[in-house]
Amino acid sequence: MDYLEEDIREVKQKLAEQERTLNEKMDANHRDLKMLLRETEIENKEQTNKMFSALEKVSDAIHSQTIATNNVAHKTEENTKSIDKMEKSTKTKDRTIAGFVISIILMILGTFWGMWFPG
């Protein structure tokens, strides 16, 4: 029986030693997993921050582009109004010049009429 008890003790010791080794390995794996999770979490935060930063830049660019487009539309409208005014003033200027030329011609004709046919 001593042999059996001794074998049982050896088996119990080996089991205890294997259990300890397995527990140590499980603890090490658990620590490694926690570390990997933390690193992954940090990397995800960094990527999320980069993504939000990029989205913010895109949003700012879209806002600036919208403002620029509105400014261009407003300036185009102003330029159209200015062109219309300029066309009207050109018509008025042409009419004024034509009226002035006609009055000079009439004055010259009147002067010569008085010279040729004194009254």
Fill in: Passing option when I104 is tested against L106, V101, I102, I108 for side chain to side chain contact (heavy atoms under 4.5 Å, CB included)
I108
Worksheet item: Between CG of L109 and CE of M107, what distance do you get to the nearest 0.5 Å?
Response: 11.0 Å
Fill in: Connected hydrophobic set around L55, excluding itself, where side chains approach under 4.5 Å
M51, F52
Worksheet item: Which pairs with one or both residues in residues 36-45 pass salt bridge (Lys or Arg N to Asp or Glu O under 4.0 Å), sequence neighbours excluded?
Response: E41-K45
Worksheet entry | Results of side chain to side chain contact (heavy atoms under 4.5 Å, CB included) for S103 - residues two or more places apart only | none
Practice prompt. Return each pair, listed once, that meets side-chain hydrogen bond (donor to acceptor under 3.5 Å, both in side chains) where at least one residue sits in residues 13-30; pairs must be two or more places apart or across chains.
Written response: none
Response to the item:
Apart from V11 itself, its cluster of hydrophobic side chains linked below 4.5 Å comprises L15
Fill in: I97-I105 co-clustered via ILVMFWY side chain contacts under 4.5 Å
yes
Discussion item. Quick test of your reading: applying side-chain hydrogen bond (donor to acceptor under 3.5 Å, both in side chains), list the pairs with at least one residue in residues 46-75, sequence neighbours left out, ordered by first then second residue.
Written reply: H74-E78
Worksheet item: Just how far is it from atom CD of E77 to atom CG of N79, taken to the nearest 0.5 Å?
Response: 10.5 Å
